[in-house]
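What follows is one structure encoded as C-alpha coordinates, with my remarks underneath.
We use all heavy atoms of the structure for the numbers below, so side chains are in, but hydrogens, waters and symmetry mates are not. Quantities reported herein were computed from a predicted structural model and do not represent experimental measurements.
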Amino acid sequence: MCTVCGCSGSHEHDHEHYHGHAHSHGAGHVHFGEGDAGVSVPGMSQARLIQIETDILGKNNSYADNNRALLVAKGVLALNLVSSPGSGKTTLLVETLKRMAGRTPAAVIEGDQQTSNDADRIRETGVPAIQINTGKGCHLDAHMVGHALERLPLEKGSVLFIENVGNLVCPAAFDLGEASKVVILSVTEGEDKPLKYPDIFANADLMILNKADLLPHVDFCVGAAIRNARRVNHKIQVLQVSARTGGGLDSWLAWLDGALKMQAAHARSLAAE
(Lines give C-alpha, C1' and ligand atoms only; values in the text may rest on other atoms or scores of the structure.)
Protein backbone atom coordinates (compact mmCIF):
# COMPACT_ATOMS: atom_id res chain seq x y z
CA MET A 1 0.00 0.00 0.00
CA CYS A 2 1.55 3.27 -1.11
CA THR A 3 0.77 5.28 2.00
CA VAL A 4 3.43 3.22 3.72
CA CYS A 5 5.68 1.95 0.92
CA GLY A 6 7.34 5.32 0.36
CA CYS A 7 6.12 6.28 -3.12
CA SER A 8 4.05 9.20 -1.84
CA GLY A 9 6.08 11.84 -0.12
CA SER A 10 9.12 11.29 2.02
CA HIS A 11 9.02 9.82 5.47
CA GLU A 12 11.40 8.14 7.79
CA HIS A 13 11.15 4.43 8.21
CA ASP A 14 11.13 3.39 11.82
CA HIS A 15 12.10 -0.14 12.61
CA GLU A 16 10.11 -0.80 15.72
CA HIS A 17 9.48 -4.22 17.04
CA TYR A 18 6.76 -5.72 14.87
CA HIS A 19 3.59 -6.39 16.80
CA GLY A 20 1.34 -7.08 13.81
CA HIS A 21 0.78 -10.63 12.76
CA ALA A 22 -1.01 -12.33 9.94
CA HIS A 23 -4.10 -14.28 10.91
CA SER A 24 -5.17 -17.62 9.55
CA HIS A 25 -8.75 -18.31 8.48
CA GLY A 26 -8.07 -21.99 8.02
CA ALA A 27 -5.99 -24.01 5.63
CA GLY A 28 -4.94 -22.06 2.55
CA HIS A 29 -5.81 -18.54 3.77
CA VAL A 30 -3.46 -16.19 5.59
CA HIS A 31 -4.78 -12.63 5.99
CA PHE A 32 -2.28 -9.74 6.22
CA GLY A 33 -4.98 -7.05 5.94
CA GLU A 34 -6.27 -7.22 9.48
CA GLY A 35 -5.42 -4.98 12.43
CA ASP A 36 -6.22 -1.31 12.96
CA ALA A 37 -4.14 -0.19 9.95
CA GLY A 38 -5.69 -2.76 7.61
CA VAL A 39 -2.25 -3.61 6.24
CA SER A 40 0.97 -5.27 7.35
CA VAL A 41 4.57 -4.08 6.86
CA PRO A 42 7.41 -6.18 8.27
CA GLY A 43 9.14 -4.45 11.19
CA MET A 44 6.50 -1.76 11.72
CA SER A 45 3.75 -1.55 14.31
CA GLN A 46 0.08 -0.93 13.48
CA ALA A 47 0.23 2.39 15.37
CA ARG A 48 3.22 3.56 13.33
CA LEU A 49 1.50 2.52 10.09
CA ILE A 50 -1.56 4.57 11.00
CA GLN A 51 0.60 7.59 11.86
CA ILE A 52 2.46 7.43 8.53
CA GLU A 53 -0.76 7.06 6.56
CA THR A 54 -2.33 9.96 8.46
CA ASP A 55 0.67 12.21 7.73
CA ILE A 56 0.85 11.36 4.02
CA LEU A 57 -2.86 11.56 3.34
CA GLY A 58 -3.22 14.72 5.41
CA LYS A 59 -0.61 16.48 3.30
CA ASN A 60 -2.15 15.15 0.08
CA ASN A 61 -5.63 16.26 1.13
CA SER A 62 -4.38 19.78 1.70
CA TYR A 63 -3.12 19.93 -1.90
CA ALA A 64 -6.38 18.33 -3.07
CA ASP A 65 -8.44 21.02 -1.34
CA ASN A 66 -6.42 23.69 -3.15
CA ASN A 67 -6.91 21.94 -6.48
CA ARG A 68 -10.65 21.60 -5.89
CA ALA A 69 -11.04 25.26 -4.95
CA LEU A 70 -9.14 26.31 -8.09
CA LEU A 71 -11.20 24.06 -10.35
CA VAL A 72 -14.53 25.18 -8.90
CA ALA A 73 -13.49 28.83 -9.19
CA LYS A 74 -12.62 28.26 -12.86
CA GLY A 75 -15.90 26.42 -13.49
CA VAL A 76 -14.13 23.18 -14.45
CA LEU A 77 -15.52 19.69 -13.81
CA ALA A 78 -12.65 17.35 -12.88
CA LEU A 79 -13.08 13.58 -13.15
CA ASN A 80 -10.52 11.05 -11.90
CA LEU A 81 -10.59 8.01 -14.22
CA VAL A 82 -9.30 4.86 -12.52
CA SER A 83 -8.99 1.27 -13.69
CA SER A 84 -6.67 -1.67 -13.95
CA PRO A 85 -4.22 -1.74 -16.91
CA GLY A 86 -5.81 -2.81 -20.18
CA SER A 87 -9.39 -1.74 -19.42
CA GLY A 88 -9.51 0.45 -22.54
CA LYS A 89 -9.46 3.65 -20.51
CA THR A 90 -7.42 5.71 -22.99
CA THR A 91 -9.45 4.49 -25.97
CA LEU A 92 -12.64 5.43 -24.13
CA LEU A 93 -11.18 8.85 -23.41
CA VAL A 94 -10.11 9.44 -27.03
CA GLU A 95 -13.55 8.50 -28.38
CA THR A 96 -15.24 10.66 -25.73
CA LEU A 97 -13.15 13.69 -26.68
CA LYS A 98 -13.94 13.23 -30.37
CA ARG A 99 -17.67 13.34 -29.58
CA MET A 100 -17.31 16.34 -27.27
CA ALA A 101 -15.42 18.37 -29.88
CA GLY A 102 -17.16 21.62 -30.77
CA ARG A 103 -19.67 21.52 -27.92
CA THR A 104 -17.81 21.04 -24.62
CA PRO A 105 -14.19 22.13 -24.08
CA ALA A 106 -11.91 19.61 -22.38
CA ALA A 107 -8.38 19.05 -21.13
CA VAL A 108 -6.54 15.94 -19.95
CA ILE A 109 -3.92 15.00 -17.38
CA GLU A 110 -2.37 11.63 -18.19
CA GLY A 111 -0.67 9.48 -15.55
CA ASP A 112 1.71 6.64 -16.29
CA GLN A 113 4.95 5.38 -14.83
CA GLN A 114 6.84 5.94 -18.10
CA THR A 115 6.33 7.21 -21.70
CA SER A 116 4.12 9.96 -23.07
CA ASN A 117 2.24 7.60 -25.38
CA ASP A 118 -1.22 8.29 -23.94
CA ALA A 119 -0.80 12.09 -23.92
CA ASP A 120 0.33 11.88 -27.56
CA ARG A 121 -2.88 10.00 -28.42
CA ILE A 122 -4.96 12.63 -26.63
CA ARG A 123 -3.22 15.55 -28.37
CA GLU A 124 -4.05 14.01 -31.76
CA THR A 125 -7.72 14.82 -30.97
CA GLY A 126 -6.79 18.51 -30.61
CA VAL A 127 -7.36 18.51 -26.84
CA PRO A 128 -4.54 19.87 -24.61
CA ALA A 129 -2.89 17.20 -22.46
CA ILE A 130 -0.16 17.07 -19.84
CA GLN A 131 1.66 13.78 -19.21
CA ILE A 132 2.77 13.01 -15.65
CA ASN A 133 5.28 10.18 -15.32
CA THR A 134 5.41 8.81 -11.80
CA GLY A 135 8.54 6.66 -12.15
CA LYS A 136 8.20 3.88 -9.60
CA GLY A 137 5.09 5.52 -8.16
CA CYS A 138 1.83 3.61 -8.65
CA HIS A 139 -0.66 6.51 -8.65
CA LEU A 140 -1.06 10.24 -9.11
CA ASP A 141 -1.25 12.49 -6.07
CA ALA A 142 -2.73 15.95 -5.58
CA HIS A 143 0.65 17.69 -5.58
CA MET A 144 1.47 16.29 -9.04
CA VAL A 145 -1.93 17.34 -10.35
CA GLY A 146 -1.50 20.83 -8.92
CA HIS A 147 1.69 21.33 -10.95
CA ALA A 148 -0.03 20.04 -14.09
CA LEU A 149 -2.87 22.53 -13.55
CA GLU A 150 -0.32 25.38 -13.65
CA ARG A 151 0.53 24.42 -17.26
CA LEU A 152 -2.84 23.35 -18.60
CA PRO A 153 -5.25 25.80 -20.28
CA LEU A 154 -8.65 25.39 -18.65
CA GLU A 155 -11.77 26.97 -20.12
CA LYS A 156 -14.82 27.85 -18.03
CA GLY A 157 -17.43 25.11 -18.36
CA SER A 158 -14.86 22.53 -19.48
CA VAL A 159 -14.23 18.96 -18.35
CA LEU A 160 -10.81 17.99 -17.00
CA PHE A 161 -10.20 14.26 -17.34
CA ILE A 162 -7.44 12.92 -15.07
CA GLU A 163 -6.42 9.48 -16.32
CA ASN A 164 -4.76 7.86 -13.33
CA VAL A 165 -2.06 5.19 -13.43
CA GLY A 166 -3.56 1.77 -14.17
CA ASN A 167 -4.03 0.37 -10.68
CA LEU A 168 -7.12 -0.60 -8.68
CA VAL A 169 -5.46 -0.26 -5.27
CA CYS A 170 -3.36 2.86 -4.57
CA PRO A 171 -5.38 5.56 -6.45
CA ALA A 172 -8.32 4.84 -4.15
CA ALA A 173 -6.63 6.53 -1.20
CA PHE A 174 -5.57 9.76 -2.91
CA ASP A 175 -7.99 12.63 -3.43
CA LEU A 176 -6.77 14.70 -6.38
CA GLY A 177 -9.32 17.49 -5.98
CA GLU A 178 -11.71 15.88 -8.45
CA ALA A 179 -15.49 16.17 -8.38
CA SER A 180 -15.93 12.42 -8.94
CA LYS A 181 -14.02 9.20 -9.44
CA VAL A 182 -15.10 7.10 -12.42
CA VAL A 183 -13.95 3.47 -12.35
CA ILE A 184 -13.68 1.59 -15.65
CA LEU A 185 -14.04 -2.19 -15.57
CA SER A 186 -13.77 -4.11 -18.83
CA VAL A 187 -15.76 -7.28 -19.50
CA THR A 188 -12.51 -9.15 -20.12
CA GLU A 189 -11.83 -8.89 -16.39
CA GLY A 190 -13.56 -10.76 -13.59
CA GLU A 191 -16.98 -9.82 -12.21
CA ASP A 192 -15.51 -10.09 -8.72
CA LYS A 193 -13.10 -7.16 -9.12
CA PRO A 194 -15.35 -4.90 -6.97
CA LEU A 195 -15.12 -7.40 -4.12
CA LYS A 196 -11.38 -8.00 -4.52
CA TYR A 197 -10.52 -4.27 -4.70
CA PRO A 198 -13.43 -2.66 -2.82
CA ASP A 199 -11.92 0.73 -1.94
CA ILE A 200 -11.75 1.99 -5.51
CA PHE A 201 -15.38 1.04 -6.16
CA ALA A 202 -16.55 2.38 -2.81
CA ASN A 203 -15.10 5.81 -3.67
CA ALA A 204 -16.47 6.01 -7.24
CA ASP A 205 -19.71 7.67 -8.36
CA LEU A 206 -19.83 5.79 -11.67
CA MET A 207 -18.68 2.38 -12.94
CA ILE A 208 -18.29 2.04 -16.70
CA LEU A 209 -18.38 -1.51 -18.04
CA ASN A 210 -16.24 -1.16 -21.16
CA LYS A 211 -15.70 -3.52 -24.11
CA ALA A 212 -19.40 -4.49 -24.01
CA ASP A 213 -19.13 -5.57 -27.66
CA LEU A 214 -17.12 -8.59 -26.44
CA LEU A 215 -19.88 -9.89 -24.14
CA PRO A 216 -20.99 -12.62 -26.61
CA HIS A 217 -17.43 -13.97 -26.63
CA VAL A 218 -16.42 -13.92 -22.95
CA ASP A 219 -17.65 -15.48 -19.73
CA PHE A 220 -18.71 -12.30 -17.96
CA CYS A 221 -22.00 -11.82 -16.11
CA VAL A 222 -23.04 -8.14 -16.17
CA GLY A 223 -25.61 -8.70 -13.43
CA ALA A 224 -23.03 -10.26 -11.12
CA ALA A 225 -20.57 -7.41 -11.70
CA ILE A 226 -23.24 -4.81 -10.87
CA ARG A 227 -24.38 -6.72 -7.78
CA ASN A 228 -20.79 -6.96 -6.56
CA ALA A 229 -20.17 -3.26 -7.14
CA ARG A 230 -23.32 -2.36 -5.21
CA ARG A 231 -22.33 -4.62 -2.34
CA VAL A 232 -19.47 -2.19 -1.66
CA ASN A 233 -21.22 0.99 -2.88
CA HIS A 234 -25.01 0.86 -3.13
CA LYS A 235 -25.12 4.31 -4.76
CA ILE A 236 -22.74 3.60 -7.64
CA GLN A 237 -24.18 4.25 -11.09
CA VAL A 238 -23.37 1.86 -13.95
CA LEU A 239 -23.10 2.33 -17.71
CA GLN A 240 -22.29 -0.29 -20.35
CA VAL A 241 -20.23 1.03 -23.25
CA SER A 242 -17.98 -0.07 -26.05
CA ALA A 243 -15.33 2.51 -26.84
CA ARG A 244 -14.45 0.50 -29.97
CA THR A 245 -17.93 0.45 -31.55
CA GLY A 246 -19.35 3.56 -29.86
CA GLY A 247 -22.16 1.62 -28.17
CA GLY A 248 -23.36 3.30 -24.99
CA LEU A 249 -21.25 6.42 -25.47
CA ASP A 250 -24.36 8.61 -25.77
CA SER A 251 -25.31 7.59 -22.22
CA TRP A 252 -21.82 8.42 -21.02
CA LEU A 253 -21.98 11.86 -22.68
CA ALA A 254 -25.37 12.45 -21.08
CA TRP A 255 -23.88 11.56 -17.69
CA LEU A 256 -21.11 14.11 -18.33
CA ASP A 257 -23.67 16.79 -19.21
CA GLY A 258 -25.52 16.09 -15.96
CA ALA A 259 -22.28 16.26 -13.96
CA LEU A 260 -21.40 19.61 -15.58
CA LYS A 261 -24.78 21.03 -14.57
CA MET A 262 -24.32 19.79 -10.99
CA GLN A 263 -20.84 21.34 -10.89
CA ALA A 264 -22.20 24.68 -12.12
CA ALA A 265 -24.98 24.61 -9.52
CA HIS A 266 -22.41 23.82 -6.80
CA ALA A 267 -20.25 26.75 -7.89
CA ARG A 268 -23.25 29.12 -7.82
CA SER A 269 -24.15 27.89 -4.33
CA LEU A 270 -20.63 28.55 -3.07
CA ALA A 271 -20.59 32.01 -4.65
CA ALA A 272 -23.87 32.88 -2.91
CA GLU A 273 -22.58 31.96 0.55
Side-chain angles (χ1 to χ4, degrees), residues 77-111 118 121-122 124-127 129 157-164 166-168 171 178-198 200-263:
L77 171 70
L79 300 175
N80 183 0
L81 307 184
V82 292
S83 77
S84 56
S87 68
K89 186 161 75 271
T90 307
T91 299
L92 173 66
L93 187 49
V94 167
E95 296 305 316
T96 300
L97 295 171
K98 287 179 180 176
R99 285 163 173 78
M100 291 173 62
R103 67 186 193 105
T104 306
V108 176
I109 295 174
E110 283 287 346
D118 289 349
R121 289 177 62 186
I122 297 299
E124 288 175 0
T125 70
V127 171
S158 66
V159 180
L160 171 65
F161 296 99
I162 305 170
E163 184 177 356
N164 219 313
N167 183 342
L168 284 178
E178 72 271 16
S180 292
K181 284 186 174 65
V182 176
V183 60
I184 295 98
L185 177 67
S186 71
V187 303
T188 55
E189 303 173 63
E191 306 97 330
D192 59 351
K193 282 283 178 68
L195 301 181
K196 295 171 73 173
Y197 308 102
I200 203 88
F201 291 87
N203 291 325
D205 290 315
L206 175 68
M207 176 174 76
I208 292 179
L209 289 176
N210 193 25
K211 305 185 183 181
D213 55 303
L214 296 179
L215 280 171
H217 312 291
V218 297
D219 292 326
F220 184 92
C221 176
V222 171
I226 295 173
R227 285 194 297 275
N228 289 336
R230 288 184 172 152
R231 283 178 64 183
V232 298
N233 178 357
H234 71 279
K235 293 182 178 179
I236 196 167
Q237 300 175 65
V238 181
L239 295 175
Q240 292 184 55
V241 309
S242 167
R244 188 178 70 86
T245 67
L249 287 181
D250 286 345
S251 297
W252 165 227
L253 293 173
W255 188 93
L256 289 172
D257 286 341
L260 272 168
K261 291 175 182 174
M262 289 178 62
Q263 174 84 351

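Rounded to the nearest 0.5 angstrom, L260 CG and L77 CG are separated by 5.0 Å. Within the model, atoms CG of L209 and CG of L239 stand 8.5 Å from one another, a figure rounded to the nearest 0.5 Å. If you take CG on L249 and OG on S242, they are separated by 7.5 Å, rounding to the nearest 0.5 Å. Remark: K89 NZ to S84 OG distance equals 7.5 Å, nearest 0.5 Å. With rounding to the nearest 0.5 Å, the separation of CD1 in I109 from CD1 in I162 is 5.0 Å.
Residues K193 and V183 are not in side-chain contact: their nearest non-hydrogen atoms beyond the backbone lie 4.5 Å or more apart. Using a 4.5 Å cut-off on side-chain heavy atoms (C-beta onward), R244 and T91 make no contact. In this structure, W252 and L206 have side chains that are in contact, with non-hydrogen atoms separated by less than 4.5 Å. You'll find the side chain of E189 reaches within 4.5 Å of the side chain of S87, heavy atoms only. Contact check for D118 versus L93: no side-chain heavy atoms found under the 4.5 Å cut-off. When side chains are defined from C-beta on, L256 counts as touching L79, because their heavy atoms get closer than 4.5 Å.
The minimum heavy-atom distance linking S186 with G86 is given by the pair OG-O, 4.4 Å. I122 approaches E110 most closely through the heavy-atom pair CG1-OE2, 3.4 Å. Nearest approach of G248 to V241, heavy atoms of both residues: O-CG1, 3.5 Å. Contact detail for Q240 and V222: the closest heavy-atom pair is NE2-CG1, 3.5 Å. Summarising the geometry of V127 relative to A106, their closest heavy-atom pair is CG1-O, 3.4 Å, with the distance given to 0.1 Å. Nearest approach of Q237 to R230, heavy atoms of both residues: CA-NH2, 4.2 Å.
Checking side-chain atoms of N233 against main-chain N and O of F201 turns up a donor-acceptor pair under 3.5 Å. Judged by distance alone, with hydrogens and angles left aside, the side-chain atoms of D213 form no donor-acceptor pair with the main-chain N or O of G247 at under 3.5 Å. A side-chain donor-acceptor contact under 3.5 Å links N228 to the backbone of E191. In terms of modelled atom types and a separation under 3.5 Å, the side chain of T96 and the main chain of L92 share a donor-acceptor contact.
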- Task: Please lay out, stage by stage, how K98 and E95 fare under the test salt bridge (charged side-chain N to carboxylate O under 4.0 Å, His left out).
- Result: CA-CA 5 Å; K98 287 179 180 176; E95 296 305 316; 3.3 Å; yes
- CA sep, side-chain torsions, deciding dist, call: N203, V82, side chain to side chain contact (heavy atoms under 4.5 Å, CB included): CA-CA 11 Å; N203 291 325; V82 292; over 6 Å; no
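In this model, a donor atom of one side chain and an acceptor atom of the other lie less than 3.5 Å apart for T90 and E163.
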